[in-house]
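Note that this is a predicted model, so its numbers are computed, not measured.
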Amino acid sequence: MNDAEPADEQPRRRRRDPEGHRAAIIDAARHTFAERGYARTTLREIARRAGVTHGLITRHFSSKERLFLASVPGNRDLEGVAVGAPETLPDRIAQAFVRRLETDAVNDPLIALLRSAASDERAAAHLLVAMQEQSAAVYRSVLSPGAAATPDDDLDTRVALVGAQMIGVAFSRYIARTEPLASMPPDQLAEHLTRLLRHILLG
């Protein structure tokens, strides 16, 4: 009896799964950035945790900065959150922000970035500016769809103020844990934040 494989049976090949690899990389990045901070995280460590090669990460994301931006849930999901009526944009932003951090602030890369900002101010500033630019583009698509920026357009300033407000809330509630924000019920926090963002974005 011949135990050899039939001539037409080919050896199994590893199945290519770009979306699966991307998801594994983002998940590994999110946890690594949260544990080690931005400066101490390396792409090789993320690759090891994700079970992929360093080259595959650079092929998907090109740089550590872009991978960080992709791994921050709020930044990654902003386009989906923003979709809807302009007048309720502040509500959607505030609710998504509070829900996200109430769910898993410990493993959120933004919290890790804020914790490490004092030791690596340049990296933190660079990443926050990149996040602000992306937010401005998304908010503009909802608040001023199809309109070009004009000399008296202050949307970028308003987006910067929104970012500063949310960073302040994140630091006070989830890092410094100062009252009254630290123990405020999540729905009440979202309500207050909505009111502030509505004033900033809509006037």
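Salt-bridge check for Arg30 with Asp104: passed, with a basic side-chain N closer than 4.0 Å to an acidic carboxylate O. Salt-bridge formation is not detected for the pair Asp27/Arg49: no Lys NZ or Arg NE/NH1/NH2 atom is positioned less than 4.0 Å from an Asp or Glu carboxylate oxygen.
Across all non-hydrogen atoms, the minimal contact from Tyr38 to Lys64 is O-NZ, 2.9 Å. In this structure, Pro90 and Leu201 approach most closely via the heavy-atom pair CG-CD1, 4.4 Å. Taking each heavy atom of Val142 and Pro145 in turn, the nearest pair found is O-CD, 3.5 Å. Shown here for Leu181 and Ser172, the closest heavy-atom pair between the two residues is CD1-CB, 3.8 Å. Contact between Ala136 and Leu155 at its shortest, heavy atoms only, is O-CD2, 4.3 Å. Scanning both residues, Ala170 and Leu101, for their nearest heavy atoms gives CB-CD1, 4.1 Å.
For Glu191, the CD atom sits in a loose shell: 12 or fewer heavy atoms of surrounding residues, nucleotides or ligands are nearer than 6.0 Å.
In this structure, CZ in Phe171 is found 12.0 Å from CG in Leu110, a value given to the nearest 0.5 Å.
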Problem set entry | Residues Glu102, Arg173; criterion salt bridge (charged side-chain N to carboxylate O under 4.0 Å, His left out); working and verdict | CA-CA 10 Å; Glu102 288 297 305; Arg173 182 176 176 88; 2.8 Å; yes
Problem set entry | Derivation and outcome, side-chain contact (heavy atoms from CB on, under 4.5 Å), residues Phe61 and Leu43 | CA-CA 11 Å; Phe61 300 97; Leu43 292 184; over 6 Å; no
For this session: Start with the C-alpha distance between Thr88 and Arg92, add both sets of side-chain angles, then the distance that settles side chain to side chain donor-acceptor pair (under 3.5 Å), and finish with yes or no.
Result: CA-CA 7 Å; Thr88 56; Arg92 297 193 296 279; 2.5 Å; yes
Problem set entry | Residue pair Ser183, Glu179: steps toward the side chain to side chain donor-acceptor pair (under 3.5 Å) verdict | CA-CA 7 Å; Ser183 59; Glu179 297 295 349; 2.6 Å; yes
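Taking the side chain as every heavy atom from C-beta outward, Leu113 and Phe33 never approach each other to under 4.5 Å. Here the side chains of Leu128 and Gln132 are not in contact, with every heavy-atom distance at 4.5 Å or above. Contact check for Phe97 versus Val169: side-chain heavy atoms found under the 4.5 Å cut-off. Residues Leu197 and Asp91 form no side-chain contact, since every pair of their non-hydrogen atoms from C-beta on lies 4.5 Å or further apart. Proximity of Tyr139 to Leu78: side-chain heavy atoms (C-beta onward) are separated by under 4.5 Å at one or more points.
Here the side chain of Arg140 pairs no donor or acceptor atom with the backbone of Ser144 at under 3.5 angstrom. No side-chain donor-acceptor contact under 3.5 Å links Arg44 to the backbone of His54.
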